[in-house]
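Here the structure comes first, spelled out in structure tokens, and everything after it is commentary.
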2 protein chains.
Amino acid sequence: MLHRPDPFDAKCPTRQVLDRIGDRWAVLILISLEQRTMRFNELRRRIEAISQKMLSQTLKSLERDGLVNRKVFATVPVTVEYSLTPLGRTLSQTVHALTLWAETHIGEVAQAQQRYDQGEAAPETATTPPR
Amino acid sequence: MLHRPDPFDAKCPTRQVLDRIGDRWAVLILISLEQRTMRFNELRRRIEAISQKMLSQTLKSLERDGLVNRKVFATVPVTVEYSLTPLGRTLSQTVHALTLWAETHIGEVAQAQQRYDQGEAAPETATTPPR
DNA sequence: CCTTCCAGTATCTAATGGGAACCAACATCC
DNA sequence: GGATGTTGGTTCCCATTAGATACTGGAAGG
């Protein structure tokens with residue numbers, strides 16, 4: 001690697017990874033599987049309001065990225081188990097920090113939103129130029 | 001608060017925060033402003049391929065969430081400076097861990113993708129039932 | 001016999017993102 | 001003095017996407 005990866009370059013592969021994280025369903029699947037291995041419809045019930053389409057789609061790309069294992073059992077009807085790979089586990093831990101942030105600071109965010117919404121009519125104070 | 005916030009509940013406010021992080025442009029703006037205060041078009045040049053529409057839209061919601069400060073200077077033409085709030089700085093640090101993950105593990109992800117793409121025709125080994 | 005369950009796929013529509021044009025008021029270039 | 005570029009946006013239109021719904025097909029339960 002000649003230069004350090006730059007997520008601001010749209011062609012940089014780190015951007016792809018960032019886009020994967022920038023997928024709410026992927027995040028919710030990762031933190032679900034962090035707790036334990038789950039089957040398709042288990043995940044569906046766990047993650048409220050996700051459609052079957054988005055679940056299978058997101059799982060497929062997570063599997064492609066080597067973050068999730070898909071294991072098929074030849075039962076009738078067929079059983080499919082999803083679990084995190086070691087790589088996926090390192091990511092889910094990082095992502096876990098984000099959910100922790102959300103739980104910790106949700107109150108401050110809500111307050112800020114209230115202030116913003118009621119203060120919309122406030123006049124903009126003209127400030128002196130910066131230079 | 002009676003119960004612990006549950007990001008799997010679509011109505012839970014932590015889910016809103018998670019959705020905000022699940023916005024690639026928001027992430028890129030946060031890590032840009034982590035380095036220094038920037039003006040509108042500075043950000044636009046920094047973050048390749050972002051449209052003016054998405055930039056102003058994302059900045060607006062980041063401001064509403066109390067993560068970003070917007071400061072207007074009465075110059076001609078008007079000058080607008082964007083910076084992180086203290087709250088925004090705590091988030092950007094958490095998000096920074098994600099970009100670090102991306103930079104560190106991008107190689108493994110790329111390898112997994114290659115394996116997946118070429119091994120698509122491989123037959124699925126029938127496994128014994130789990131129970 | 002009808003419904004439910006398993007793990008998805010196919011199809012249609014509603015929401016969203018991106019591209020380009022446009023704004024006003026000035027500064028600079030030729 | 002007319003064209004161009006700069007500031008920070010907004011508005012419109014279209015393409016992509018997400019979400020809702022329906023369907024598969026065999027087996028078990030009532």
Side-chain angles (χ1 to χ4, degrees), chain A residues 8 10-11 15-16 18-20 22-29 32-33 37-64 68-83 120 124-131, chain B residues 10-11 15-16 18-20 22-29 32-33 37-64 68-83 120 124 126-131:
Chain A
F8 297 105
K11 295 180 297 292
R15 181 71 165 268
Q16 294 173 17
L18 233 51
D19 284 351
R20 171 128 332 289
D23 177 355
R24 58 199 260 216
W25 298 130
V27 169
L28 290 172
I29 289 173
S32 293
L33 294 180
T37 295
M38 284 179 127
R39 294 167 58 181
F40 187 86
N41 280 326
E42 261 182 311
L43 279 167
R44 200 153 82 87
R45 280 187 293 264
R46 180 79 216 272
I47 303 169
E48 266 188 57
I50 192 174
S51 62
Q52 288 178 319
K53 180 184 152 192
M54 289 313 294
L55 180 55
S56 75
Q57 209 172 94
T58 310
L59 281 170
K60 214 174 282 180
S61 50
L62 287 174
E63 188 195 356
R64 189 173 107 95
V68 159
N69 273 324
R70 183 174 180 273
K71 204 170 179 182
V72 182
F73 297 95
T75 54
V76 164
V78 67
T79 301
V80 181
E81 274 187 5
Y82 291 94
S83 58
E120 261 176 346
E124 283 199 357
T125 42
T127 322
T128 44
R131 23 178 163 174
Chain B
K11 295 181 295 296
R15 179 71 164 267
Q16 295 173 17
L18 232 51
D19 283 352
R20 170 126 335 289
D23 177 354
R24 57 200 262 216
W25 297 132
V27 170
L28 290 171
I29 289 174
S32 293
L33 294 181
T37 293
M38 284 179 124
R39 295 168 57 182
F40 186 86
N41 281 327
E42 259 182 312
L43 279 167
R44 199 153 81 86
R45 281 185 293 265
R46 181 79 215 272
I47 303 170
E48 266 187 57
I50 192 175
S51 62
Q52 287 180 319
K53 180 184 154 190
M54 288 314 295
L55 180 55
S56 75
Q57 207 172 96
T58 309
L59 281 170
K60 213 175 284 180
S61 50
L62 286 174
E63 188 196 356
R64 189 173 107 95
V68 158
N69 273 324
R70 182 173 181 274
K71 203 169 180 183
V72 182
F73 298 96
T75 55
V76 165
V78 67
T79 301
V80 181
E81 274 188 1
Y82 290 95
S83 58
E120 262 176 347
E124 283 199 357
T127 322
T128 44
R131 25 177 166 176

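By convention in this document, chain letters (A, B, ...) are assigned in the order of the sequence lines, proteins followed by strands, and residues within each chain are numbered from 1. Scope of the values below: all heavy atoms of this structure, side chains included, with no hydrogens, waters or symmetry mates.
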Without decimals, in angstroms, what is the distance between [X] [atom1] and [N] [atom2]?
X	N	atom1	atom2	result
A:F73	C:dG8	CZ	P	13 Å
B:L55	C:dG18	CG	C1'	13 Å
B:K71	D:dG9	NZ	C1'	20 Å
B:E81	D:dG9	CD	C1'	17 Å
B:E48	C:dG19	CD	C1'	17 Å
A:D23	C:dT16	CG	C1'	15 Å
A:M54	C:dA7	CE	P	19 Å
B:I47	D:dG8	CD1	P	14 Å

Which sits closer to the 5' end of DNA chain C, A:K53 or A:E42, going by the nucleotide each is nearest to?
->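 Nearest nucleotide further toward 5': that of A:E42.
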Locate the shortest heavy-atom distance separating A:R39 from A:T79; write the atom from each residue and the value.
->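 Nearest pair, atom of A:R39 first, then A:T79: NE-CG2, 3.5 Å.
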Phosphate contact ([N] OP1 or OP2) by [X] side-chain N/O below 4.0 Å:
X	N	value
A:K60	C:dT9	yes
A:Q57	D:dA18	yes
A:W25	D:dA18	no
B:R45	D:dG8	no
A:R24	D:dG19	yes
B:R39	D:dG8	yes
A:S56	C:dA7	no

CA sep, side-chain torsions, deciding dist, call: A:M38, A:S32, side-chain contact (heavy atoms from CB on, under 4.5 Å) | CA-CA 8 Å; A:M38 284 179 127; A:S32 293; 4.3 Å; yes
Of the listed nucleotides [options], the one nearest the side chain of [X]:
X	options	answer
B:R70	D:dG8, C:dA7, D:dG9	D:dG9
A:N41	C:dG8, C:dC6, D:dG9	C:dC6
A:P77	D:dG26, D:dT6, D:dG8	D:dG26
B:V78	C:dG19, D:dG8, C:dG8	D:dG8

What's the spacing between A:F40 CZ and A:R70 CZ if we round to 0.5 Å?
->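 Spacing of CZ (A:F40) from CZ (A:R70) equals 9.5 Å.
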Taking for each residue the nucleotide of DNA chain D with the nearest heavy atom, is it B:L59 or A:I50 whose nucleotide lies nearer the 5' end?
->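 Of the two residues, B:L59 wins.
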Hey, which of these two, A:A49 or A:V76, hits DNA chain D nearer its 5' end, going by closest nucleotide?
->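 By nearest-heavy-atom nucleotide position, the 5'-most residue is A:A49.
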What do the steps show when you test B:N41 against B:R45 for side-chain contact (heavy atoms from CB on, under 4.5 Å), and what is the final call?
-> CA-CA 6 Å; B:N41 281 327; B:R45 281 185 293 265; 4.0 Å; yes
With no angle test and no hydrogens, is the base of D:dA22 tied to the side chain of A:Q52 by a donor-acceptor pair under 3.5 Å?
->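 Pair found.
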For A:L55 and A:I29, what are the C-alpha separation, side-chain angles and deciding distance, and is it a side-chain contact (heavy atoms from CB on, under 4.5 Å)?
-> CA-CA 8 Å; A:L55 180 55; A:I29 289 173; 3.7 Å; yes
Should A:F8 and B:L28 be marked as a side-chain contact (heavy atoms from CB on, under 4.5 Å) after you check the CA-CA gap, both sets of side-chain angles, and the distance that decides it?
-> CA-CA 7 Å; A:F8 297 105; B:L28 290 171; 4.1 Å; yes
